[in-house]
Q: 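Please find one structure pasted underneath; my questions will follow.
The sequence lines fix the lettering, A, B, ..., with proteins before strands; numbering per chain opens at 1.
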Amino acid sequence: MPSQDSMEPTFSLPIGLPLSSSHSVPLPFPMSHGTTTLAFIFQGGVLAAADTRSSCSGLVACPAAQKILPIHSHLVGTTSGTSADCALWKRILARELRLYQLRHGRRLSTGGAAKLLSHMLQPFKGTELCVAATLCGWDGGEMDDNQMTDVENSASLNLEKAKTQCLSTAVGGQQCFGRERSGPSLYYVCSDGTRLKGTLFSVGSGSPYAYSVLDQGVQWGLTVQEAVSIAREAVFRATYRDAYSGNCVDLYHITSKGWTRRNREDLKEEYYREKERQSGDSQRIMVKDFKGKAFRRMGGEFTAHSLALCRKVQSKSLQLGVKGVDCQSTSRY
Amino acid sequence: MLSTQAFADNGKMKDYHYTGPVEHRFSPYAFNGGTVLAVAGEDFAIVASDTRLSEGYSIHSRDSPKCYKLTDTTVIGCSGFHGDCLTLTKIIDARLKMYKHSNNKTMTSGAVAAMLSTILYSRRFFPYYVYNIIGGLDEEGRGAVYSFDPVGSYQRDTYKAGGSASAMLQPLLDNQIGFKNMEGVQHVPLTQEKATQLVKDVFISAAERDVYTGDALRLCIVTKEGIKEETISLRKD
């Protein structure tokens, strides 16, 4: 029976990996799924954003879940899929990375962490385990602080140079081995075995909506402010359209000095701000005949266009002999 | 009484006919009902549960409370499948004893929560069908509530309802304790008396609308003086 692990005394490893049973038991309860998370690299580091709604087939199990989990000082992981799987596997990953750091005297790179997670999840391929995470980190130098600042300086100023250096030595073969690329790094790891390196990822049920906003605005040269506002906008648009995403947005920014977390923002405020902006801009334009009956109403954001169109209608109707057509613009209808 | 969902929309009785052989597999799970609730205050925590144990259309017991005392500062409420609730609480008690014997101190609420998460996840592919909520005091003496899903995902909250009537109670708690979706209201901190009264009212409402909740309410109030238990009777129909 699988549960003997939980009876072991505490001096051994606290818990082994969950043992997968040969047949699957039909579960009487639904598990939590559905989210929007995104991450991208820009000149100021890596930015990770996620919504905070944890849904359980129709019920919002938790409106204030944490979907971005810090793994260590320079690595953060966004989680998507089943929340229990993501939380526990991130915890196991954090433990393994810490052991690596203690044994080898340096932090494992983001790519290495991604590979480790991918290999740990491989035995569970085909089961109902569902983890889709993006690992966002800054690969630095040694654990030693003095050396760290040197590497950080060179990393932040000469990212491109470092890349080309590594490439040029790759041609030579042996020399590139063991030299780590330093700088921001982003990997996508999925429990079906996918492991991808990239500069922009969005994961979850709301990701199509987030991708559209991100593809429009993300580029290398963004300032931190701009990047933050794009990330927030992307999550906001996704929560607007996707039923399984919502509530608040969490933002984490990873630089050479580690990760910093912005205050969680409730998107309800953003929604009301947007509504106010819309009702302020748009003016309802009514075209009425002399008896006061409205036969054309146009409104929306292209106010000037609508007004011009109305004037055309007015002049045309005068030409056709319809009298008393009036073109009014009202701010609220 | 059968609920009206058994009848088709236009009021006629549903047609029963032979659909062919249907395989009925043995299900290792059963649903025994029950609702659990926990609220954390400044220096107290309340864990409350009803005491009805039901299965299908029958009531097995009217006096089966779902709160279990773990330590002097921690109480756990478990609802769902009663067999798994019993086994899980036995395992937690054993682990608490082992911790006490090897570390010479009692487990804190946060530590119990983290341990429960790993216990639940070790059965990821044949889960404990239990909805757990832990209520207690943290190391600084402030109230803490940890809510779990059946496979071990957890987080710290101020209030949480779990079990069969959770979908009815959680919005009410969001409004009354979290002051959500209200404009122009002063956010006053929750006193112990107000919290106790609120919990009683909330369970009375749950018993009205949820068939699996009722009979009696067991309240465990955790303060630094200890754990006080109260029993209030609810609807028995």
Q: Could you tabulate the donor-acceptor pairs under 3.5 Å formed by side-chain atoms of residues 72-83 of chain B, not counting sequence neighbours?
A:
{"unit_1": "B/T73", "atom_1": "OG1", "unit_2": "B/T71", "atom_2": "OG1", "d": "3.4"}
{"unit_1": "B/T74", "atom_1": "OG1", "unit_2": "B/T71", "atom_2": "OG1", "d": "3.0"}
{"unit_1": "B/T74", "atom_1": "OG1", "unit_2": "B/S109", "atom_2": "OG", "d": "3.3"}

Q: Would you confirm whether B/Q155, through its side chain, and A/A64, through its main-chain N or O, come within 3.5 Å as a donor-acceptor pair?
A: yes

Q: Could you walk me through whether A/L88 and B/R124 pass the side-chain contact (heavy atoms from CB on, under 4.5 Å) test, one step at a time?
A: CA-CA 11 Å; A/L88 270 295; B/R124 168 69 175 80; over 6 Å; no

Q: Minimum heavy-atom separation for A/S83 to B/S153, with atom names?
A: CB-OG, 3.6 Å

Q: For atom CD of B/E42, is the number of surrounding heavy atoms from other residues, nucleotides or ligands below 6.0 Å larger than 12?
A: no

Q: Could you check whether the rings of B/F125 and A/F124 sit parallel, tilted or perpendicular, using 30° and 60° as the cut-offs?
A: parallel

Q: Counting only heavy atoms closer than 4.5 Å, note whether B/A114 contacts chain A via side chain, backbone, both or neither.
A: both

Q: Within a 6.0 Å radius of atom CZ on A/R261, are there more than 12 heavy atoms belonging to other residues, nucleotides or ligands?
A: yes

Q: Got a sec: does the NZ of A/K115 have more than 12 other heavy atoms crowding it under 6.0 Å?
A: no

Q: Do other residues, nucleotides or ligands put more than 12 heavy atoms under 6.0 Å from the NZ atom of B/K100?
A: no

Q: Please round to the nearest 0.5 Å and tell me the distance separating atom SG of A/C62 and atom CG of B/D157.
A: 5.5 Å

